[in-house]
Amino acid sequence: MKNLKFPVTLILFLLFSFSNAQKFGVVDSKAVLSKMPQYKEAEARLEAQIDTWKTELQGIQSEYEKKKSALDNERVLLVGEQLKQREKEVADLDKNVKTTTSLRFGLTGEVAQLRKNLAVPFEDQIRKAVETVSEKNGLATVIDKTDNNVIYLEKKYDYTEKVLDILLNRTPEPEKIEKPSKKKR
């Protein structure tokens, strides 16, 4: 009897753990975002603003290049106060280019902040849709394919389309079940 206690306990433990196995799913949030029309519109507006800032920056850079080139060409002719004044103008323009570049396009610049702020409401929508899909499908864990480098995924565990169905108010395609055809007599 003592010899059977351990194997029976082990078998019961394994059966119990398999019966309560947790389900998981994967969602590709980048794919979801790319199919959301509101996100595309917001991203297009952001890109237009970035293009405006790039044009502005290019104008400042070209002015700096012109003044620097003119200073280099005229350096021999300038003396004393004139030379210092022109060098200060060029240095100020160089500083302006660097400051503008950093403020607008740096790691913590306006572009980075706007991209972050742009994504937040859409990420919240995706998170809510993922929660809904998780509850409907009994999922304990959902992994974002974009962030976690999923190398292989069976199609049955990919819930991206179901999340898109919720976000885009689409009706999911019904499972194809063949009904027996009725014969007329």
Side-chain angles (χ1 to χ4, degrees), residues 24-134 139 141-153 155 157-170:
F24 71 94
V26 176
V27 172
D28 187 351
S29 63
K30 192 178 234 179
V32 171
L33 280 175
S34 71
K35 292 181 181 179
M36 293 179 69
Q38 306 95 331
Y39 180 77
K40 287 180 184 178
E41 290 170 10
E43 195 172 51
R45 287 193 307 271
L46 176 62
E47 289 301 321
Q49 181 63 49
I50 290 171
D51 289 342
T52 302
W53 287 339
K54 282 181 181 178
T55 304
E56 176 186 312
L57 182 62
Q58 287 171 348
I60 297 170
Q61 285 176 326
S62 68
E63 183 181 350
Y64 164 74
E65 293 295 327
K66 285 178 189 175
K67 289 210 176 195
K68 185 175 188 287
S69 176
L71 175 65
D72 291 341
N73 292 336
E74 299 170 0
R75 187 175 294 274
V76 207
L77 303 173
L78 299 171
V79 287
E81 211 42 55
Q82 290 177 329
L83 179 62
K84 287 181 183 177
Q85 178 67 25
R86 297 282 293 277
E87 285 176 340
K88 184 180 181 321
E89 286 177 13
V90 170
D92 287 346
L93 278 173
D94 184 40
K95 184 179 178 183
N96 189 9
V97 167
K98 290 177 181 175
T99 303
T100 303
T101 303
S102 175
L103 289 175
R104 295 266 165 86
F105 301 100
L107 292 176
T108 57
E110 289 182 63
V111 171
Q113 292 298 320
L114 287 174
R115 282 198 190 282
K116 182 180 172 185
N117 293 340
L118 168 77
V120 169
F122 296 104
E123 288 171 352
D124 290 342
Q125 290 177 3
I126 291 171
R127 191 173 298 110
K128 288 177 185 173
V130 166
E131 287 174 8
T132 303
V133 168
S134 298
L139 302 175
T141 304
V142 177
I143 300 169
D144 188 352
K145 189 175 181 180
T146 304
D147 296 337
N148 290 320
N149 298 328
V150 174
I151 296 173
Y152 173 75
L153 175 66
K155 184 69 177 156
Y157 297 115
D158 189 351
Y159 290 87
T160 303
E161 286 300 317
K162 290 184 180 184
V163 169
L164 277 169
D165 290 341
I166 290 172
L167 288 172
L168 301 177
N169 296 323
R170 300 188 306 201

N96 versus T100, side-chain donor and acceptor atoms under 3.5 Å: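 Yes, side-chain donor-acceptor contact under 3.5 Å.
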Within this structure, what is the [atom1]-[atom2] distance for the pair [X] and [Y], rounded to the nearest 0.5 Å?
| X | Y | atom1 | atom2 | value |
| --- | --- | --- | --- | --- |
| K35 | E161 | NZ | CD | 4.5 Å |
| S29 | I143 | OG | CD1 | 12.5 Å |
| E41 | Q38 | CD | CD | 7.0 Å |
| E123 | K116 | CD | NZ | 10.0 Å |
| K84 | Q82 | NZ | CD | 12.5 Å |
| I50 | R45 | CD1 | CZ | 13.0 Å |

R86 side chain near R75 side chain, heavy-atom distance below 4.5 Å: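 Result no, sub-4.5 Å side-chain heavy-atom pair not found.
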Pairwise side-chain contact, M36 with Q125, heavy-atom cut-off 4.5 Å (strictly under):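 Touching, per the 4.5 Å side-chain cut-off.
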Pairing of R127 and D124 as salt bridge, 4.0 angstrom limit: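 Result for this pair is yes, salt bridge flagged.
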Check: T160 main-chain N/O paired with D28 side-chain donor or acceptor under 3.5 Å: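 Judged by distance alone, no pair lies under 3.5 Å.
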N/O donor-acceptor pair under 3.5 Å between S34 side chain and A31 backbone: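 Pair found, side chain donor or acceptor close to backbone of A31.
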Residues E110, Q49; criterion side chain to side chain contact (heavy atoms under 4.5 Å, CB included); working and verdict: CA-CA 11 Å; E110 289 182 63; Q49 181 63 49; over 6 Å; no
Determine the minimum heavy-atom distance between [X] and [Y], stating which atoms define it.
| X | Y | answer |
| --- | --- | --- |
| A42 | L118 | CB-CD1, 2.9 Å |
| G106 | A112 | O-CB, 4.1 Å |
| D94 | Y64 | CB-CE1, 3.4 Å |

Ring pair (Phe, Tyr, Trp, His ring centres under 6.0 Å) contacts touching residues 87-126 (sequence neighbours left out):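 Pairs touching residues 87-126 that pass the test: Y39-F122.
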Residue from V32, T132, L33 passing side-chain contact (heavy atoms from CB on, under 4.5 Å) with L167: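 In the set V32, T132, L33, the residue that makes a side-chain contact (heavy atoms from CB on, under 4.5 Å) with L167 is V32.
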Contacts of Q61 that satisfy side-chain contact (heavy atoms from CB on, under 4.5 Å) - sequence neighbours left out: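 By the side-chain contact (heavy atoms from CB on, under 4.5 Å) rule, Q61 matches L57, Q58, V97.
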Neighbour count above 12 (heavy atom, 6.0 Å) for L107 CG: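 No, not enclosed.
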Without placing hydrogens or testing angles, list every side-chain donor-acceptor pair under 3.5 Å for residues 66-73, not counting sequence neighbours.
residue : atom : partner : partner atom : Å
N73     : ND2  : S69     : O            : 3.3

